[in-house]
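Reading through the structure tokens given below for one structure.
Computation of the quantities below employed the complete heavy-atom set of this structure, encompassing side-chain atoms and omitting hydrogens, waters and symmetry-equivalent molecules.
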Amino acid sequence: MESKYEKEFNLYDIMQNTAISALAIHSFVLGYYKVARHKNEKSNFPSLLYLFYVLPIVYHRKSRDTFKSSNEIYTAIANDKETVLGLQERSNKMSEQTFNAINLLYSKKILGYDNVKKTTPLLRGFMSEKINIPSTMGRENIVRMVQDSAYKIGHIFAKNSDKNLQLTLNIRF
């Protein structure tokens, strides 16, 4: 008989876990920052509105894998056209989870809010690397996979303008 530690993660349990959602959003903002800080025309940190599209992508296995293996938004969409189908609706449905994750990040002083630029900067101590969560029992580390894909999505969002993201992903900010 398997113990509770030997079972694979249940995706529903993960999706309800505010801490894992917060790790995903932190990884997204970090990935965004790593690319945007070298671009003059972009803010160093993403708009608060961008954060609402992270969880619907990283909690959908096929979308997560597609974005993780892509460097450009066009490549991701070409590899999996399902990614954009219903993304706006999924983000609306997951908005409470996103708010809870953002609230956790704010309360733990990992993420801040810039009223002037309307962006979400990382606070000191959290701008250099992803928060490390070790895997247990030699199992696939789903948390690490979520973090890695969120980081990559941050890279991709930082390379594109608001208008391009909205048109390509069929979303509204």
Side-chain angles (χ1 to χ4, degrees), residues 11-37 39 42-68 70 72-74 76-77 80-123 126-127 130-131 142-143 145-173:
L11 189 57
Y12 180 78
D13 292 337
I14 291 169
M15 289 176 63
Q16 302 306 313
N17 190 322
T18 303
I20 295 174
S21 297
L23 287 171
I25 290 173
H26 169 264
S27 294
F28 170 82
V29 175
L30 183 62
Y32 188 98
Y33 169 71
K34 295 287 185 173
V35 171
R37 68 182 174 177
K39 297 183 122 200
K42 277 272 217 211
S43 171
N44 284 352
F45 296 100
S47 162
L48 179 65
L49 298 174
Y50 285 10
L51 304 183
F52 289 89
Y53 298 96
V54 176
L55 299 183
I57 294 172
V58 298
Y59 285 149
H60 183 257
R61 173 174 269 162
K62 199 169 181 186
S63 298
R64 179 179 65 231
D65 294 342
T66 298
F67 272 93
K68 189 176 174 187
S70 301
E72 296 292 333
I73 196 164
Y74 301 109
I77 302 306
D80 181 21
K81 292 177 179 37
E82 280 182 36
T83 299
V84 297
L85 295 177
L87 183 58
Q88 183 71 49
E89 183 181 337
R90 288 192 320 244
S91 74
N92 291 343
K93 286 180 180 179
M94 296 183 83
S95 63
E96 184 177 352
Q97 288 173 255
T98 303
F99 276 122
N100 289 339
I102 292 168
N103 186 34
L104 178 61
L105 290 166
Y106 286 164
S107 68
K108 294 299 177 187
K109 298 186 184 336
I110 296 171
L111 199 64
Y113 184 71
D114 184 338
N115 282 333
V116 176
K117 295 179 182 177
K118 307 291 185 216
T119 60
T120 54
L122 291 169
L123 300 179
F126 297 98
M127 295 174 65
K130 290 179 266 186
I131 298 168
I142 190 80
V143 176
M145 289 172 27
V146 165
Q147 283 182 295
D148 290 346
S149 60
Y151 185 82
K152 194 70 170 262
I153 293 166
H155 277 239
I156 292 170
F157 271 50
K159 293 177 185 178
N160 291 278
S161 68
D162 284 356
K163 188 173 184 172
N164 190 36
L165 289 170
Q166 290 181 59
L167 290 171
T168 309
L169 296 175
N170 195 25
I171 57 176
R172 296 177 306 281
F173 295 131

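When side chains are defined from C-beta on, Leu105 does not count as touching Phe126, because their heavy atoms never get closer than 4.5 Å. You'll find the side chain of Leu87 stays beyond 4.5 Å of the side chain of Asn170, heavy atoms only. By the 4.5 Å heavy-atom criterion applied to side chains, Thr83 and Phe67 are counted as neighbours. Looking at Asp80 and Ser63, their side chains come closer than 4.5 Å, going by heavy atoms from C-beta outward. Annotation: side chain of Ile110 is not in contact with side chain of Leu123 (no heavy-atom distance under 4.5 Å). Contact check for Val84 versus Thr168: no side-chain heavy atoms found under the 4.5 Å cut-off.
Of all the heavy atoms in Ser70 and Ile156, the pair that sits closest is O-CD1, 3.8 Å. Between Thr66 and Ala76 the shortest heavy-atom distance is CG2-O, 3.1 Å. Here the shortest heavy-atom pairing between Tyr59 and Ser21 reads OH-OG, 2.9 Å. Of all heavy-atom pairs spanning Ala22 and Leu104, the tightest one is CB-CD2, 3.8 Å. The minimum heavy-atom distance between Val146 and Ala24, with the atom names listed, is CG1-CB, 3.7 Å.
Distance check, rounded to the nearest 0.5 Å: CD of Glu89 to OG of Ser91 gives 9.0 Å. Interatomic distance, OH of Tyr32 versus CZ of Phe157, reported as 9.5 Å (0.5 Å rounding). Taking OG1 of Thr120 as the start and CG of Leu111 as the end, the distance is 5.0 Å to the nearest 0.5 Å.
Checked by atom type and distance alone, the side chain of Gln97 never pairs as donor or acceptor with a backbone atom of Leu55 at under 3.5 Å. Between the side chain of Lys34 and the backbone N or O of Gly31 there is no donor-acceptor pair closer than 3.5 Å. For Arg90 (side chain) and Leu85 (main-chain N/O), a donor-acceptor pair under 3.5 Å exists by modelled atom type. At distances below 3.5 Å, at least one donor-acceptor pair connects side-chain atoms of Ser47 with backbone N or O atoms of Leu49.
Relative ring orientation between Tyr33 and Phe45 is described as parallel, the plane-to-plane angle staying below 30° on a 0-90° scale split at 30° and 60°.
Here side-chain hydrogen bond (donor to acceptor under 3.5 Å, both in side chains) pairs that include residues 147-161, with residues two or more places apart or in two chains, are Asn71-Lys152, Lys130-Asp148, Asn160-Asn164. Sorted by first and then second residue, the side-chain hydrogen bond (donor to acceptor under 3.5 Å, both in side chains) pairs involving residues 99-113 (not counting sequence neighbours) form an empty list.
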- Query: Yes or no on side chain to side chain contact (heavy atoms under 4.5 Å, CB included) for His26 and Leu122, after CA distance, side-chain angles and deciding distance?
  - Reply: CA-CA 8 Å; His26 169 264; Leu122 291 169; 3.5 Å; yes

- Task: Determine, step by step, whether Leu169 and Ile73 satisfy the side chain to side chain contact (heavy atoms under 4.5 Å, CB included) criterion, reporting the C-alpha distance in whole Å, the side-chain angles of both residues, the deciding distance to 0.1 Å, and the verdict.
- Result: CA-CA 9 Å; Leu169 296 175; Ile73 196 164; 3.7 Å; yes

- Task: Give the intermediate values and the outcome of side chain to side chain contact (heavy atoms under 4.5 Å, CB included) for residues Tyr50 and Leu165.
- Result: CA-CA 10 Å; Tyr50 285 10; Leu165 289 170; 3.7 Å; yes

- For side chain to side chain contact (heavy atoms under 4.5 Å, CB included), just list the numbers for Ile142 and Ile20, CA-CA rounded to whole Å, side-chain angles, deciding distance to a tenth of an Å, and then say yes or no. CA-CA 10 Å; Ile142 190 80; Ile20 295 174; over 6 Å; no

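Checking Ile102, Thr98, Asp114, Thr119 one by one against Leu48, the side-chain contact (heavy atoms from CB on, under 4.5 Å) holds for a single residue, Ile102.
Heavy atoms from other residues, nucleotides or ligands lying under 6.0 Å from CD of Gln166 number more than 12.
Side-chain rings of Phe99 and Phe52 approach one another, their centers coming within less than 6.0 Å.
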